[in-house]
Every structure is written in structure tokens, then in C-alpha cells.
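In the text below, chain A, chain B and the rest are named by the order of the sequence lines, each starting its count at 1.
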Number of protein chains: 2
Amino acid sequence: MLSQTVEYALRAVVFLADKVESQKTGQIAEATKVPPAYLSKVLQGLCRVEILRSQRGIGGGMSLAKKPEEITILDVVNAVEPIGRIDSCPLGLKEHGVQLCALHRRLDNALAMVEDAFRNTTLAEVLSDPNPSVPLCDFPSAHG
Amino acid sequence: MLSQTVEYALRAVVFLADKVESQKTGQIAEATKVPPAYLSKVLQGLCRVEILRSQRGIGGGMSLAKKPEEITILDVVNAVEPIGRIDSCPLGLKEHGVQLCALHRRLDNALAMVEDAFRNTTLAEVLSDPNPSVPLCDFPSAHG
DNA sequence: GGAAAATTGGATGTCAAGATCCTATTTAGC
DNA sequence: GCTAAATAGGATCTTGACATCCAATTTTCC
């Protein structure tokens with residue numbers, strides 16, 4: 001239900017949120033197990049919406065454009081593939097104004113719950129979660 | 001975030017939940033504004049999991065295989081495109097057992113909320129919703 | 001200024017979802 | 001049994017998501 005690209009993007013930003021220096025896309029790709037060439041495109045997209053910042057040339061790479069406390073899961077998801085809330089009748093009929101029918105209102109409520117959950121979770125919260133499994137599952141807690 | 005096919009399937013079952021007689025796929029397609037040939041395939045899938053029942057020949061068509069109180073949104077969604085809960089680390093690492101990391105646990109929690117919401121909504125509830133917009137937006141309340 | 005290191009972006013390939021069409025099969029009614 | 005009405009299912013087409021590759025551009029360091 002969540003696209004592969006969203007998953008890739010989230011892995012990358014979580015990985016970067018833990019780092020103080022910029023990281024090359026190759027490093028990020030290896031750590032997050034994402035195809036490097038494809039990850040490159042995904043990261044470009046995240047740069048355009050200013051979640052990431054890129055630096056070319058020697059010593060360059062990718063880094064967060066904001067503090068981890070200022071980036072939410074929703075920011076990342078929306079940059080890649082918006083949740084797609086239902087804001088008007090998908091059948092296109094306007095007979096009932098903006099009010100959704102029972103079916104679509106319930107579907108949209110579910111989407112709203114997801115959106116809220118994502119909006120209320122920052123990268124900082126993910127990193128500080130007292131979960132014995134470290135983010136991305138396979139990283140020892142080597143920060144830097 | 002919800003696939004087009006899920007939307008089509010839900011429209012069809014909600015439409016049928018309101019009918020006592022079986023409906024031809026062409027009628028369903030027209031009412032729900034879904035491409036007829038494609039809807040046919042979707043309905044076939046719903047028959048296989050026994051959400052719908054089909055009847056060939058003159059006077060045949062599609063009808064619910066169960067009472068509207070016994071079919072949930074989740075039943076329909078799962079028949080077409082399962083929610084895709086995250087039950088193990090997407091990176092494939094097993095170092096931390098079955099425990100998800102902070103990122104994936106939060107993503108899975110969001111999926112769980114959707115799953116619960118869908119499991120707790122039957123077609124009967126959708127139909128009896130006191131919403132001024134009738135289901136599928138454009139149907140007058142002509143039952144039959 | 002030249003070489004090496006990195007991202008950028010265009011072109012292209014692959015595969016599954018979405019969609020269509022046509023024939024086969026089943027069924028009701030005569 | 002024959003015919004008309006309906007679904008079943010196979011073959012095919014189209015489009016977008018996912019993915020790869022390579023040349024162009026920017027940047028640092030010497």
C-alpha cells in the first residue's frame with residue numbers, strides 16, 4: 001500500500017538524519033540496500049522540495065536540509081507520492097456538493113488517520129525511539 | 001494510496017449491497033462508472049473469494065454472496081490488493097529477530113490503523129450511514 | 001588550468017497494473 | 001434441441017512505476 005519509492009526515500013532520510021557529514025549516494029544506497037542509480041533519482045526529488053541538500057564535487061554528497069526535528073514522515077511521503085486524500089467524489093458527480101458519500105468518507109477517514117500519524121512523527125522521534133532494533137534494522141549504533 | 005482497482009471493487013459491492021436482484025456487469029459498470037471490460041475481471045476475482053456470486057445466462061448477473069452485514073471493506077480490499085502489513089524487516093536483515101525498527105514499526109502501525117478501520121466497517125454500515133449524499137454520490141435512493 | 005569526485009539529467013529498458021477485445025462456456029426459455 | 005443472454009477466460013495493448021546507463025555539469029584539490 002506504500003510504494004517502493006516511499007520506502008526507499010524514508011530509509012535514505014532516516015539514514016542521513018543520523019549523520020553529521022554529507023554522504024555519497026553510493027554510501028546511502030549500500031547502507032539502505034536500494035539500487036544506487038534509482039536512489040539517485042529519488043534523492044534528487046527530495047532535494048527539489050528541500051528536504052535534502054546536495055553538494056557536487058570532491059567531498060560532496062547528500063545531507064538533510066533541515067534539522068531532524070523539522071522533517072516529518074509526511075514531508076518525505078508527500079515529496080515522493082502524496083497520500084492522495086479524497087477531497088471530492090471520485091465519480092465526478094457534483095450533485096451533492098463537496099460532501100462525500102458514506103463509502104468515500106470512510107476511505108478518506110482512513111487516509112486522514114495515516115496522514116495524521118505521519119505528520120506527527122519527525123525523523124528525530126524515529127531516531128530517539130527506545131526500540132532495541134536500530135533504524136534500518138542492520139546498523140550498529142555507530143553515529144557520525 | 002489506494003489502488004484504482006480497490007476503488008472499482010468497492011463501488012461495485014456497495015452498489016450490489018443495495019440491490020435484491022442480481023445485476024449485469026454492464027449495469028454495474030454504468031452505475032459505478034467503471035470500464036465494463038475491466039470491471040468484469042475485477043468482479044470475477046470477487047467471485048473467486050466468494051464475496052460475490054455469479055449467474056450465467058438469461059436473467060443472470062452478479063449478486064452478493066453474503067449479507068451486507070457479513071462483508072467488510074477489508075474483505076473487499078484484501079480480495080483485490082492486500083493492505084501489505086510489514087511483518088518483517090524490508091531490508092531482509094534478521095539480526096534483530098521479528099522486532100521491527102522504529103521506522104518500520106511506525107509505518108506498520110499506520111497500516112494497522114487502516115486495516116482496523118476497514119475491518120470494522122461492513123457494507124451494511126456504509127448503506128445505513130446517515131449521510132445526505134447517497135453511496136456512490138449519484139444514485140437517488142431507488143432501492144430494488 | 002587540469003584531473004578527479006561527485007551530483008544532474010536525458011535516454012532507455014523492464015515489468016506489473018490498468019484496460020480492451022474476442023471467443024468459449026453456461027443457462028433460461030421457447 | 002435451439003437460441004438468446006449472460007459470465008469466464010485467454011490474448012493483447014497501453015501506461016506508469018521501477019530501474020539502469022551514460023554523458024554533462026559542478027566542485028575541490030593540486
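We find that CE of Met62(A) is positioned 9 Å from C1' of dT8(C), with the value rounded to whole Å. In this structure, Ile28(A) atom CD1 and dA6(C) atom C1' are separated by 12 Å, rounded to whole Å. As a whole-Å value, the separation of Leu52(A) CG from dA6(C) P is 17 Å. The separation between Gln23(A) atom CD and dA5(C) atom P is 18 Å, rounded to whole Å. When the P atom of dA6(C) is taken as reference, atom CD of Glu30(A) falls 14 Å away, rounded to whole Å. For the pair Leu46(B) CG and dA8(D) P, the interatomic distance rounds to 11 Å; values are reported in whole Å. Rounded to an integer number of Å, the gap from CG of Leu43(B) to C1' of dA8(D) is 12 Å.
Ile58(A) and Ile28(A) fall into different hydrophobic clusters, defined by Ile, Leu, Val, Met, Phe, Trp and Tyr side-chain heavy atoms under 4.5 Å apart, directly or through other members. Neither Met113(B) nor Ile73(B) shares a network with the other; the hydrophobic side chains, linked directly or stepwise wherever heavy atoms of I, L, V, M, F, W or Y lie under 4.5 Å apart, form separate groups for each. If you chain together hydrophobic residues whose side chains sit under 4.5 Å apart, Leu127(B) and Leu64(B) fall into the same group.
For the pair Leu91(B)/His104(B), a side-chain contact is recorded, criterion being any heavy-atom separation below 4.5 Å from C-beta on.
OP1 or OP2 of dT8(C) sits under 4.0 Å from a side-chain N or O of Ser54(A). One finds a side-chain N or O of Gln44(B) lying less than 4.0 angstrom from the OP1 or OP2 phosphate oxygen of dG9(D).
Counting any heavy atom pair closer than 4.0 Å across all strands shown, Ser40(B) reaches no nucleic acid atom. Among the atoms of the strands shown, none is found under 4.0 Å from any heavy atom of Gly26(A).
Ion pair Arg106(B)/Asp129(A) flagged as a salt bridge, since at least one NZ, NE, NH1 or NH2 atom sits closer than 4.0 Å to an Asp/Glu carboxylate oxygen.
Counting only residues at least two apart or in different chains, side-chain hydrogen bond (donor to acceptor under 3.5 Å, both in side chains) contacts with residues 49-63 of chain A are absent.
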Subject >> Protein proximity profile, nucleotides 18-30 of chain C - base contact B, sugar-phosphate-only contact S, no contact -, cut-off 4.0 Å on heavy atoms >> reply: BBBB---BBBB--

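Judged by closest nucleotide on DNA chain D, Lys24(B) is the one of Lys24(B) and Arg48(B) placed further toward the 5' end.
Between the side chains of Tyr38(A) and Thr5(A), at least one donor-acceptor pair of N or O atoms lies under 3.5 Å.
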